[in-house]
Amino acid sequence: MGFKVIRPKFTHSMLTLTQIREERDQIIKALSKRGVDVTESIDKIIILDKERRFLQKELDDTLAQSNNLSRQIGELMKSGKKEEAEEFKTETVGLKKKSSDLKEKMQGHESSMNDLLYTIPNTPSDIVVAGKSEEDNEIISTHGEQVDLSDYCKSHWDIAKEKDIIDFDLGAKVTGAGFPFYKGKGAKLQRGLIRYFLEKADEAGYTEYIPPLMINSDSGFGTGQLPDKEGQMYNMKADSLYMIPTAEVPLTNIYRDTLLTADDLPIKLCGYTPCFRREAGSYGKEVRGLNRLHQFDKVEIVQISEPSSSDKALEGMITHVQSLLEGLELPYRILRLCAGDMGFTAAITYDFEVWSAAQGRWLEVSSVSNFETFQANRLKCRYKDADGAKNLVHTLNGSALALPRIVAALLENHQADGDVKIPVDLIPFVGFDKI
RNA sequence: GGAGGUGUGACAGAGUGGUCGAAUGUACCGGUCUUGAAAACCGGCGUACCGCAAGGUACCGGGGGUUCGAAUCCCUCCGCCUCCGCCA
């Protein structure tokens, strides 16, 4: 069941200024696969950076001069030469003005440079194909039989209603659309799945965390939700906090502003959390039932690894997700997203989709990505290698798994004789064998 | 939420507004000594930016201010500790 990511040796792994300076052409080319032309931004950044460095040199020199004078004033004061000291003081006035002007100018450059920098998404890996939308995604493999039962089997929302295990209307009353209640065996199924996923992650060596469900803006920035996706998160304005859209945010931000050692790596974490997403702009049959919710449950796995072994880490995560789906006896397929369909921060993403027998279509249940150094650069997460050199780590994460569509697929694919059969592996976790 | 205290390098812990990027101890790394180890002694040991380099600049919880000069004074925010209130 092992999975191999085959890729050429060359990677451009970070959008640090150094990389932009040194790999301008490769970055522009790589990002053109996403369908974006960053030539103008990159060139502006390069110019701003050059000017910034010049300004900094000026600033540093000016500060050095005034530091020098201050030191001399100190000596003069000590030896009682008050008048001379006063003379020197007047001299520093001009330097002070000069340095504060330079500082302001430099900060101006920095902030317009950063504004541009934040608009540039991660560069896709070399094996990621160019493309604009999901139509260009590559299907890597398909597993299990997918039968289109849509003519005679029931949709998950009908089953859920009939068995009285999920109540969408009640959720709409109490909160709003997209916030269902799970009830009786429905609630137990949720709980069982969460436990199943956590146990499997534990067996695979991931340390379990129960993270906070709200995050501050530094964390949102660290993993790349801010400023890019601000509108997708619920925002607690009174306290400047955001509801987490995924456990990725608190889990990865554990390592914000840290310097690790090679011995610490790889770090493997997992955590179950509810996830909150505004999903602004979604509507229609795509969002019916469990297809798209504002609040849903998910177990997330996260890895922090050395750059040289992040491909291997990604393979391990893919294999792990595969084993979960196989345990659940669901037909699924693996896609490698095209450049344009990937998230802002990802260098490479594999999506897992399960077959929805009643809807006759594939539903995304997991997304496994390597962010390479993109998040690490924002997080300032580095490690000291064996030679003592400091490098950015690679960060990765994946859903293992997101519950609602798994539940939808279980209900639809495993229905027989008016009941829903629970897969054998799952029975010990939910405590019953059919619904 | 109210009152008070506190926040310095991996840790512990100094620091009168003027060579303080910061004493000292521990830990850590290298060396001497030793059959080996320990001890002792010698040396090294923060991060970032600019620079080919020499070197320069910034950083003592975050931000702002006073001053020729701030780890040291002032304001503000945050974290931690103690007491009180409220509460699962």
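Below, chain A is the first sequence line, B the second, and so on; all start at residue 1.
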### Task
Scan A:L69 against the nucleic acid and name what it touches under 4.0 Å (heavy atoms): base, sugar-phosphate only, or nothing.
nothing

### Query
Does A:R382 have a side-chain nitrogen or oxygen under 4.0 Å from the phosphate oxygens OP1 or OP2 of B:U47?
no

### Atom P, compared across B:C33 and B:U24: separation rounded to whole Å
27 Å

### Task
Please measure how far the P atom in B:G61 lies from the corresponding atom in B:A71, and state the result in whole Å.
10 Å

### Query
Looking just at side-chain N and O atoms, do A:S112 and A:D115 make a donor-acceptor pair shorter than 3.5 Å?
no

### Task
Grab the CG-C1' distance between A:L259 and B:U47 for me, whole Å please.
9 Å

### Query
What stem regions, each of at least 3 consecutive Watson-Crick or G-U pairs below 3.5 Å, can be found for RNA chain B?
B:1-7 with B:78-84, B:10-12 with B:24-26, B:28-32 with B:40-44, B:46-50 with B:55-59, B:61-65 with B:73-77

### Query
Counting side-chain heavy atoms from CB outward, which of B:G56, B:A58, B:U47 is closest to A:K390?
B:U47

### Message
Rounding to an integer number of angstrom, what distance separates B:G17 and B:G65 when you compare their P atoms?
### Response
22 Å

### Pair A:S367-A:D351, side-chain donor/acceptor within less than 3.5 Å
yes

### Closest-nucleotide ordering on RNA chain B, the 5'-leading residue of A:A64 and A:Q56
A:Q56

### Message
Need to verify one output field. Residue with the more 5' nearest nucleotide on RNA chain B, A:V93 or A:N68?
### Response
A:N68

#### Entry: Pairwise P distance for B:U26 and B:A40, with rounding to whole Å
8 Å

### Task
Would you mind telling me which of B:G18, B:U67, B:G56 lies closest to the side-chain atoms of A:I73?
B:G18

### Query
Do the ring planes of A:H320 and A:Y206 sit parallel (below 30°), tilted (30 to 60°) or perpendicular (above 60°)?
tilted

### Message
Is it the case that the side chains of A:R256 and A:N253 hold a donor-acceptor pair, with the cut-off being a distance below 3.5 Å and no angle test?
### Response
yes

### Task
Starting at atom CG of A:D257, determine the distance to atom C1' of B:G61, rounded to an integer number of angstrom.
12 Å

### Query
Whole Å only: how far is the CG atom of A:N114 from the P atom of B:C49?
14 Å

### Query
Counting any heavy atom closer than 4.0 Å, what does A:R53 reach on the DNA or RNA strands: base, sugar-phosphate only, or nothing?
sugar-phosphate

### Nucleotide of B:U67, B:G56, B:G18 approaching A:K96 most closely (side-chain heavy atoms)
B:U67

### Query
Are any side-chain N or O atoms of A:N137 and backbone N or O atoms of A:L337, one a donor and one an acceptor, separated by less than 3.5 Å?
no

### Task
Could you check whether A:T92 gets within reach of a base, just the sugar-phosphate, or nothing at all, counting any heavy atom under 4.0 Å?
sugar-phosphate

### Nearest-Å distance for atom pair CG/C1', residues A:L76 and B:C68
11 Å

### Task
When you get a sec, tell me which of B:C49, B:G18, B:U57 is the closest nucleotide to the side chain of A:D60?
B:U57

### Query
Is the distance from OP1 or OP2 of B:G51 to the nearest side-chain N or O of A:K57 less than 4.0 Å?
no

### Task
Show the numbers, then the answer: is there a side-chain hydrogen bond (donor to acceptor under 3.5 Å, both in side chains) between A:Y272 and A:D297?
CA-CA 7 Å; A:Y272 151 71; A:D297 295 304; 2.7 Å; yes

#### Entry: Side-chain N,O (A:N67) to OP1/OP2 (B:A58) below 4.0 Å
yes

### Task
In whole angstrom, give the distance that lies between atom CD of A:E110 and atom P of B:C50.
10 Å

### Task
Please report, rounded to the nearest Å, how far the C1' atom of B:G18 is from the NZ atom of A:K89.
12 Å

### Task
Indicate, with yes or no, if the rings of A:F296 and A:F276 have centres closer together than 6.0 Å.
no

### Query
When you check the gap from the basic side-chain N to the acidic O, do A:E412 and A:K154 get nearer than 4.0 Å?
no

#### Entry: Pairwise C1' distance, B:C78 and B:A39 [rounded to whole Å]
46 Å

### Message
A:D169 vs A:K173, test: salt bridge (charged side-chain N to carboxylate O under 4.0 Å, His left out). Steps then yes/no.
### Response
CA-CA 6 Å; A:D169 297 336; A:K173 169 189 160 187; over 6 Å; no

### Query
Considering only the P atoms, how many Å lie between B:U57 and B:A70, rounded to the nearest integer?
13 Å

### Task
With P as the reference atom in both, quote the distance from B:U47 to B:C11 in angstrom, rounded to an integer.
14 Å

### Message
I'd like the P distance from B:C77 over to B:G5, given in whole Å.
### Response
16 Å

### Query
Nearest-Å distance, CG (A:D218) to C1' (B:C77)?
13 Å

### Atom-pair distance (CZ on A:R71; P on B:C68), nearest Å
18 Å

